[in-house]
Peer 1: 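The structure's right below; bear with me while I get my questions together.
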Amino acid sequence: APSTQTTSATSNQPVVVGSSSGIPQLNPAIRTFSFEDTLFPLLWTGLTKYDQSGAVKADFATSWTSNPAATEWTFKLKPGAKFSDGSALDAQAVVDTFNYYLKPDTATQEANKLSTIKSVTAPDATTVVFQLKAANAVLPGAITGVRIMKMAALSTINKDPVTSGPYKVSAFTPDNTVTLVPNKDYWGPAAQLSEIDFTKTADSTAASTSLRSGDITVLVNLAHSDISTFSSDPSISLVKPKSLSQAVTWELDVSSPPFNNVKARQALAYATDRKAILNTAYYGQGAVSTTNTMLADDNPMHDKTGLIKYNFDLAKAKSLFAEAGVTSGATLTWWSGSAFPEWQAAGQIMQANLKKIGINLVIQANDTTTWSDKFYPAGKKYPGLIISNYQSVPSNPAFSMNFLLGGRCECNWNNSQYDSDFNKAVATIDPKAQLALWNAAEKLENSEVPLIIPVQSAPVAAVQSRLKGAWIEGGGQLHLESAHL
Amino acid sequence: MLKSVLTRLGWSIAIVIVSTILVFAILRVLPGDPVLARLGAATKIDPATLQHLRAAAGLDGPLYQQYLTWLFNAVRGNLGDSYFSQQPVTELLATRIPVTIELTVIAVLLSVIIAVPLALWAAARPGSLADRIVGTSTSIGIAIPAFIYGIVLILVFALTWRLFPTRGFIPFATDPLGNLWFMVLPSVTLALVAAPQLARFLRASMIDLWSVAFVRTAEGKGASRTRVVVGHILRNALVPFITRLGVTVGYTLGGVVVVEYMFGIPGLGSLAIDSAFKRDYAVLQGVVLTIVVLFTLTTFLVDLLHNAVDPRLRKDQAHG
Amino acid sequence: MTESAVTVENLVVTVPGATGPVRVVDDISFEIAAGNVLGIVGESGSGKSLTALSLMRLHRSPVRIDNGFIRVAGTDVRSLAERELDAFRGNTIAMIYQNPMSALNPVLTIGNQLVEAIRIHNKVSRRVARNQATDMLAEVGIDRPADRLDSYPFELSGGMLQRVVIAMAMSCNPRVLIADEATTALDVTTQARVLDLLRGLIEQHDMAVLFITHDLAVASEFCDDIQVMYSGRIVERGTAREVFEDPRHPYTLGLLGSLCTLDMELDRPIPTMPRDIAELSRLAPAIDHAALEVQELR
Amino acid sequence: MAEALTLVKEQARAQGVRRRALIPAIILIVIVAACVFGPLVSPYPADALGVGLPFAGPSWAHWFGTDDLGRDLLSLVLVGGQISLTVGLGATLISLLVGIAWGIAAAGRRGWIDTLLMRLCDAVMAIPQLLFALVCVAAFRPSVISLMIVIGLLMSPTTARMVRSTAVSELADDYVVAATASGLTRRRLLVSEVLPNILPPMVVQATTNMADAIMLEATLSFVGLGIQPPDASWGTLLLQGYAKMYNSIWMLIFPALIIVVTLACLVLLSDRLGSAFDGKKVMR
Amino acid sequence: MTDNDGTTSSDGTDPVIVADDLQLTFHHGKQETKALDHVSFRVERGTTLALVGQSGSGKSTTARTILGIQKPDAGRAIVCGSDVHDLSQRELRLLRQKMQVVLQDPFGQLNRRHTVGRIIEGALIAFNRGSRRERRERVAELIRAVGLDESYLGRNPRELSGGQCQRVAIARALALQPELVVLDEAVSALDVSVRAQILNMLVQLQKDFGLTYLFITHDLAVARYMAHDIAVMHRGRIVEHSDRDTLFANPKDPYTQGLIASIPVGLPRGAAVRAEFDRRLELQLEDG
Ligand SMILES: Nc1ncnc2c1ncn2[C@@H]1O[C@H](COP(=O)(O)OP(=O)(O)OP(=O)(O)O)[C@@H](O)[C@H]1O
Ligand SMILES: Nc1ncnc2c1ncn2[C@@H]1O[C@H](COP(=O)(O)OP(=O)(O)OP(=O)(O)O)[C@@H](O)[C@H]1O
Ligand SMILES: [Mg+2]
Ligand SMILES: [Mg+2]
């Protein structure tokens with residue numbers, strides 16, 4: 001059992017942030033692990049950012065406006081800002097950064113969100129103008145992930161990165177540790193921690209051991225199984241997002257049998273014992289998704305009315321499966337990743353239930369690369385496989401429901417109605433009209449079942465109680481910009 | 001003398017080359033696509049870019065050609081770039097090599113410090129209670145995998161008694177004492193794995209020596225048991241023991257893989273696991289090369305040392 | 001009657017066997033007077049070496065001395081503590097071993113090993129001990145002794161090594177010397193020279209010697225008294241002359257009869273031991289210890 | 001093999017080691033039998049969820065307790081043992097077959113083939129086993145079969161060296177000279193004269209290899225690169241137990257115990273068989 | 001047994017071995033050992049040549065060269081008319097049926113993993129002699145010829161005494177009805193009493209089967225008893241080669257003289273002891 005903490009914490013003590021994956025490199029455009037979303041905001045500023053409630057807030061931009069059609073956006077910047085090397089951080093730097101992100105060679109995960117941008121210009125040192133290919137009402141939210149870098153220093157980014165955020169790097173061992181110290185040239189409120197060490201922990205148990213012993217201050221992704229053992233520990237506080245921000249998504253190939261038949265997909269949705277999965281695999285952390293949709297019940301954009309409820313019902317599942325030609329004796333495959341114990345637990349629950357209606361579920365666990373090879377990128381065929389996965393679900397549907405757009409989702413779902421509803425919603429500035437469009441799209445999602453979404457859950461971070469001010473964003477990212485001892 | 005050293009060096013180089021060929025071949029048999037893996041599971045990328053990235057990572061062309069390119073570059077100190085981070089592999093290795101060497105050296109020293117007294121205690125009286133205690137306990141000690149030692153040490157010394165940190169690392173140059181403090185549990189873990197093997201080996205060779213005639217000669221002279229055991233038996237057992245130490249170094253270099261992983265030490269071992277998980281061939285290949293070179297170098301040095309300890313070999317070379 | 005240098009009474013040595021301990025030396029008694037050489041001959045496995053080792057308590061488990069009294073130069077060997085035993089071995093009694101190559105530590109110079117032997121019993125400086133060692137090598141007839149001290153055993157020939165071993169045994173001037181097959185590994189010419197050397201040393205130092213050998217011819221030349229061992233017992237004893245000229249026990253007879261000699265008749269089979277020799281030897285009269293005392297008084 | 005085994009028995013009897021070798025042998029047999037037959041008679045199928053409360057400690061109903069899904073841990077350990085032991089046994093067989101062929105080939109044809117084969121051994125052995133295994137399973141998907149092959153091949157150079165050195169010293173023995181002089185062909189000499197003399201030490205080597213193989217599999221599984229769930233070996237059970245260490249220490253302790261006991265018995269057995277074969281060294 | 005196939009004639013003109021100027025030097029590092037230094041000799045059919053000399057004088061090397069196990073640097077070794085080192089592997093193997101060997105170490109020369117029966121049968125199997133049953137019969141015949149009985153066939157060499165092992169080795173050597181048997185220190189490791197039995201048996205076998213022996217020993221007395229001719233080797237050279245009576249009566253080479261002189265002579269008259277032995281033995285046997 002965890003005992004009392006050595007609490008002689010001076011502000012000189014480094015704050016150690018542990019996570020199961022290391023940081024392989026520092027270029028924020030090339031984001032590999034979600035863990036890096038905790039690091040990059042400490043080092044680089046964006047034009048905009050999300051706050052705890054999921055609203056878009058000013059970051060380096062002070063204000064922004066669009067034309068009525070939402071095809072041109074103008075951002076005003078803070079004047080007189082500097083990079084950590086003292087050079088000017090101005091509109092030109094912003095333009096250069098965006099041009100780098102938009103280059104087809106740049107393998108960045110932000111590409112989809114930025115796809116509507118046609119050009120970026122800097123009429124003066126504190127103004128940046130975006131020309132769009134199509135109307136986009138949510139551009140300020142779409143560009144939060146773009147970190148303003150000094151492009152001239154890109155080549156040395158792993159050795160001596162020039163930063164624009166509250167901290168800068170003092171030491172970096174790839175895949176192991178990054179040491180941050182305050183950036184004196186930061187334009188915003190000064191950093192409050194004298195040192196932050198990002199470090200790799202072997203596995204969740206080693207991480208929680210180190211948290212107990214006080215060797216790490218912050219554990220970014222606490223294993224679900226550890227949540228209950230820490231919740232009674234006064235020296236540790238658990239940090240959760242305001243809303244459930246992670247959807248458990250099981251992907252099916254809707255372009256090949258048997259899951260090209262919507263009945264088979266619905267059958268699977270009915271065969272899913274959501275409660276058991278929530279309680280056993282996710283240790284009760286989260287909520288079941290009765291309507292099998294991305295947006296959780298607590299999302300203001302979610303409207304239950306008129307949606308099908310997929311209650312656990314094996315009889316119904318059996319008859320729907322039979323209609324889709326999946327009869328007793330059929331075999332399906334659960335394609336899981338070995339790094340995620342909850343995926344395997346869910347698979348085992350599914351296996352036990354499907355067995356009751358005569359369907360064999362073969363469970364295969366894979367290392368991450370093998371796992372993703374099977375279905376990624378979109379367009380691959382994987383008949384009969386159920387692939388466990390999850391998605392971050394920021395509260396704005398534009399950045400969660402976009403996953404189901406044609407050609408995007410590895411489930412190969414192509415629904416032109418859904419796409420047009422979505423695109424219209426993105427281009428609509430009026431909130432009411434937008435909401436109606438979201439609901440229409442969600443209805444399609446609910447009846448067509450492109451994905452099985454049994455549960456919405458939330459990533460939980462654990463921090464030593466002496467550290468205050470850490471919070472988790474709607475998309476699941478832990479933020480330490482305002483953390484202090 | 002010089003000639004035999006050079007021949008041995010030649011063989012060592014050949015061994016390094018053959019083992020890199022083996023690893024290279026194995027790694028390329030089933031290409032999961034590291035380029036794709038790097039991009040993560042949520043980006044769309046067009047085939048031309050993919051091809052371009054592959055070429056940049058040296059993943060096109062026939063296998064032997066890939067190997068020769070790699071070898072040619074390796075000889076010139078260029079081991080390519082990590083597929084993931086695009087960092088030069090040599091740079092990744094550079095910071096980690098000293099860490100692993102330090103850990104290995106400390107661990108091997110510790111294991112010798114544990115093993116030699118145990119073996120002496122046991123072999124002083126073959127068949128005695130002490131002998132049987134050492135014999136059985138080292139047999140059990142060998143049966144315990146490194147990670148179990150690690151878990152127990154962490155639970156006891158780090159979590160319950162809070163004597164040492166559960167994990168972490170400070171470079172020696174930054175803070176020598178802090179560095180050693182972090183090294184204690186990992187090196188003890190490694191030593192606990194290696195020590196029973198060394199102790200058993202030494203005990204067995206010493207007990208064998210009891211039945212050799214010159215030991216009876218020494219006893220017959222009236223030499224005390226201590227003198228017989230230390231001056232004659234141990235002295236002779238040292239010759240094979242030194243060779244065995246070379247093997248232990250190799251074994252420990254393998255053990256660092258798990259131990260560095262458990263204790264979050266940024267050495268070659270944790271790099272090996274990371275790159276194995278990510279299929280970062282360039283890095284994995286570099287790690288293997290480094291460890292093979294380290295091991296082969298140790299073997300080479302052990303050979304030289306062996307010659308120095310064994311007068312038969314020493315004199316042979318003086319003549320030759 | 002003067003006190004003999006070695007007295008052994010009712011010695012029993014056992015090793016564990018499948019059905020309880022086996023007596024490999026079975027209740028033997030003998031004495032050796034100072035200046036005398038007692039030869040033990042007998043077939044392989046008859047217990048010669050174990051008898052010799054018992055005198056120094058150099059036997060190893062599972063061999064154990066079960067019974068008997070052993071006195072060497074006035075010391076009751078069986079009652080010695082381990083410490084005392086160290087002072088006793090090498091100083092009072094010393095041993096020469098069969099194979100000189102393996103009797104010396106291969107990784108130490110012979111100088112080191114000689115100096116060790118001296119310094120264990122005499123508190124002298126390394127330098128003094130080294131000088132003594134040089135003298136001893138000279139005494140056993142090794143030329144350039146000072147140079148040889150820094151040689152390793154593998155650099156010397158068998159005959160030279162045997163001399164080194166003899167020098168080592170003599171280093172502390174022991175009262176009693178045991179030679180177990182000391183010349184068996186040497187070829188005939190070297191053997192003759194080493195035996196001459198030993199003879200000289202024994203006379204010079206007035207030592208009692210227990211001389212174990214397979215070779216009846218050597219025994220007959222070298223020993224004053226001879227005792228024949230057969231399956232752990234002494235079956236025949238007497239002066240060398242008596243034993244060889246007038247053997248009484250059937251085993252001794254068989255042994256002598258089947259020996260190849262230069263003057264033996266050719267073209268007829270060599271007499272061999274009868275098959276039921278074990279049976280025969282049980283029938284033979286037990287050795288009369290009183291008779292031995294008489295012999296020694298003579 | 002049968003001949004080798006009778007010889008083992010015979011020699012063991014001669015040396016009186018049989019009794020001491022018996023204890024680990026019996027424990028091993030019990031473990032193997034439990035793994036093979038236990039699941040057949042167990043009231044709880046290993047894959048039945050919720051036969052008990054999740055994370056329950058040892059009790060009369062569940063001797064080893066239950067895991068996070070409420071499965072019976074004892075059943076899981078026994079079923080896991082089937083895989084661990086299969087990998088161990090398979091790898092051992094492969095290492096022996098390959099190693100013996102490799103070593104005999106080298107010893108039988110001295111000269112450059114010998115040099116080549118032995119340097120290949122050196123090259124394989126220059127890569128620490130665990131690291132090499134890591135490389136292999138990174139390249140091949142880890143499965144029972146692939147682990148068996150990889151581990152078996154990794155251990156074969158050690159075996160080959162051992163075979164070669166025994167064979168070379170056997171070849172220098174008088175009986176080989178006598179057999180050669182009596183007209184045996186080289187191949188027959190190796191197969192019918194030398195090989196039977198190599199097999200008994202190979203029994204010792206086999207137990208050592210088996211211990212190594214089980215250890216290697218467990219270690220690989222522990223770092224997540226061994227047997228993949230839902231297949232469970234002792235190593236994966238241990239990993240899962242470790243992950244749930246703070247919820248239920250039993251999930252860690254029992255798999256760890258069974259691994260250590262099995263390996264210790266194998267080590268002790270190989271020790272004692274080994275000393276049984278050292279008949280030559282009699283101390284006096 | 002039908003060993004006399006009609007080719008045996010002891011007229012002194014039918015050499016089984018002709019060693020012609022054999023030379024062999026061993027190199028270890030920079031050191032050289034001249035193991036064979038212009039060694040030449042002949043052994044006539046049905047006779048025994050004893051090779052004597054001290055350890056390391058090259059006796060075994062000579063034997064190995066004759067047997068085709070060791071290749072000489074120069075010179076020829078002709079056995080039964082064929083140059084051993086000129087033959088192909090196949091031909092040499094066939095020639096081996098005619099020459100067999102018995103070595104010094106009683107235990108070492110028998111494969112400890114085979115039974116006595118299998119050891120003797122080994123040579124027969126190697127040359128596919130006869131059916132299984134015929135081989136069995138032949139093995140039984142052989143074991144009796146060396147003075148043991150069939151009960152030994154199922155035993156393991158470890159269960160035999162040194163003398164019995166040596167008998168088995170001789171039985172194996174006789175299995176293929178050879179013309180030549182090379183005995184390299186074949187009795188040196190045995191106790192005197194056992195040695196006498198084996199020597200007697202060897203003499204008898206030679207008479208029965210017309211065997212030719214190359215008999216290696218370092219014991220001059222044994223050589224005298226066994227051999228027709230004796231060759232003395234010293235440092236790889238044959239320093240003296242003559243018939244046994246000449247050698248002992250009139251040794252010419254100083255080395256031979258030294259050798260004879262250093263034999264201990266302290267033993268009482270052997271003949272007297274032997275006579276006494278016979279008499280007493282009879283007496284005691286009667287008593288018992
Ligand atoms: N350590 C031991 N364990 C068991 N038996 C032993 C041991 N040492 C000796 N023996 C047995 O004791 C008996 C006597 O042995 P010993 O060595 O005294 O014979 P020996 O007469 O010296 O023979 P050799 O002439 O061969 O040297 C033998 O039968 C031997 O097998
Ligand atoms: N294979 C070999 N390699 C190197 N040197 C050898 C080899 N075989 C024999 N010699 C050397 O050749 C010389 C003659 O050896 P050989 O065995 O013929 O002597 P030997 O007369 O049979 O001696 P022994 O009586 O000891 O058996 C020795 O000096 C020996 O060391
Ligand atoms: Mg003896
Ligand atoms: Mg010889």
Side-chain angles (χ1 to χ4, degrees), chain B residues 11-12 14-19 21-23 26-32 126 135-136 138-148 151 155 200 204 208 210-211 216 247 250-258 261 268-269 272-273 275-279 281 284-285 287-288 291-292 295-296 299, chain D residues 24 115 119-141 150 208 211 214-216 218-220 222-225 235 238-239 241-242 245 249 252 256-257 259-272 274-275 278 280-284:
Chain B
W11 277 120
S12 303
I15 286 171
V16 171
I17 289 180
V18 173
S19 47
I21 293 179
L22 281 176
V23 170
I26 291 168
L27 282 180
R28 306 297 161 102
V29 175
L30 278 185
T136 309
T138 52
S139 293
I140 294 170
I142 279 186
I144 300 177
F147 52 86
I148 293 188
I151 294 172
L155 285 183
R200 266 158 59 95
D208 274 359
W210 268 112
S211 56
R216 181 169 298 147
V247 178
Y251 197 88
T252 308
L253 280 173
V256 296
V257 171
V258 179
Y261 168 79
L268 293 168
I273 289 208
S275 45
F277 267 123
K278 293 186 209 150
R279 300 235 167 113
Y281 297 158
L284 195 51
Q285 182 94 29
V287 174
V288 174
I291 289 192
V292 167
F295 178 59
T296 313
T299 319
Chain D
T115 316
R119 293 301 154 165
L120 191 61
C121 273
D122 287 344
V124 177
M125 282 156 58
I127 310 173
Q129 266 188 10
L130 185 56
L131 188 66
F132 209 153
L134 208 68
V135 169
C136 292
V137 294
F140 309 100
R141 219 179 95 79
V150 164
T208 317
I214 293 178
M215 170 96 82
L216 205 54
T219 308
L220 283 174
F222 183 76
V223 296
L225 286 165
L238 193 72
L239 175 59
Y242 173 62
M245 183 165 81
I249 192 79
L252 174 65
L257 259 181
I259 290 180
V260 172
V261 168
T262 308
L263 292 181
C265 286
L266 282 169
V267 172
L268 284 172
L269 190 64
S270 100
D271 244 22
R272 289 169 182 184
S275 61
D278 269 1
K280 283 168 278 174
K281 288 172 206 140
V282 183
M283 269 193 281
R284 297 202 171 180

Peer 1: Apply side chain to side chain contact (heavy atoms under 4.5 Å, CB included) to the pair B:L155 and D:M245, showing each step before the final yes or no.
Peer 2: CA-CA 11 Å; B:L155 285 183; D:M245 183 165 81; 3.9 Å; yes
Peer 1: Which bit of B:I148 comes within less than 4.5 Å of chain D, counting heavy atoms only: side chain, backbone, both or neither?
Peer 2: side chain
Peer 1: When rounded to the nearest 0.5 angstrom, what is the spacing between CD1 in D:I127 and CD1 in B:I15?
Peer 2: 11.0 Å
Peer 1: Check whether D:T208 gets within reach of chain B through its side chain, its backbone, both or neither, counting any heavy atom under 4.5 Å.
Peer 2: neither
Peer 1: Quick test of your reading: applying salt bridge (Lys or Arg N to Asp or Glu O under 4.0 Å), list the pairs with at least one residue in residues 120-133 of chain D, sequence neighbours left out, ordered by first then second residue.
Peer 2: D:R119-D:D122, D:D122-D:R161
Peer 1: Measure distances from D:L252 to the heavy atoms of chain B and classify the residue's part below 4.5 Å as side chain, backbone, both or neither.
Peer 2: side chain
Peer 1: Which atom pair, heavy atoms only, marks the closest approach of D:P128 to B:G254?
Peer 2: CB-CA, 3.4 Å
Peer 1: Is chain D contacted by the side chain of B:L22, its backbone, both, or neither, given a heavy-atom distance below 4.5 Å?
Peer 2: side chain
Peer 1: Only pairs of heavy atoms separated by less than 4.5 Å count here; which of B:Y261, B:W11, B:Y251 has the most with chain D?
Peer 2: B:W11
Peer 1: Between B:I291, B:I17, B:T299, which has the largest tally of heavy atom pairs under 4.5 Å with chain D?
Peer 2: B:I291
Peer 1: Specify which of B:I151, B:V18, B:V256 makes the most heavy-atom pairs with chain D at under 4.5 Å.
Peer 2: B:I151
Peer 1: Please state whether the side chain, the backbone, both or neither of D:A218 comes within less than 4.5 Å of a heavy atom of chain B.
Peer 2: both
Peer 1: Work out which heavy atom in B:A272 is nearest to a heavy atom in D:L131; give both atom names and the distance.
Peer 2: CB-CD1, 3.6 Å
Peer 1: Mind checking what makes ring-ring contact (aromatic ring centres under 6.0 Å, His included) contact with B:F295, not counting sequence neighbours?
Peer 2: none
Peer 1: Chain B: which of D:A264, D:C265, D:A133 shares the most heavy-atom pairs with it under 4.5 Å?
Peer 2: D:A264
Peer 1: Just so I know, are the side chains of B:P145 and D:I259 near enough to count as touching, which here means a heavy-atom distance under 4.5 Å?
Peer 2: yes
Peer 1: Check D:A123 against B:S19 and note the closest heavy-atom contact, atom names and distance.
Peer 2: O-CB, 3.3 Å
Peer 1: Under a 4.5 Å cutoff for heavy-atom pairs, which residue among B:I21, B:T136, B:I144, B:I140 has the most contacts with chain D?
Peer 2: B:I144
Peer 1: Only pairs of heavy atoms separated by less than 4.5 Å count here; which of D:L120, D:L238, D:L216, D:V261 has the most with chain B?
Peer 2: D:L238
Peer 1: Show the numbers, then the answer: is there a side chain to side chain contact (heavy atoms under 4.5 Å, CB included) between B:Q285 and D:V135?
Peer 2: CA-CA 9 Å; B:Q285 182 94 29; D:V135 169; over 6 Å; no
Peer 1: Using the side-chain contact (heavy atoms from CB on, under 4.5 Å) rule, pick out the option among D:L263, D:L266, D:L269, D:D271 that qualifies with B:S139.
Peer 2: D:D271
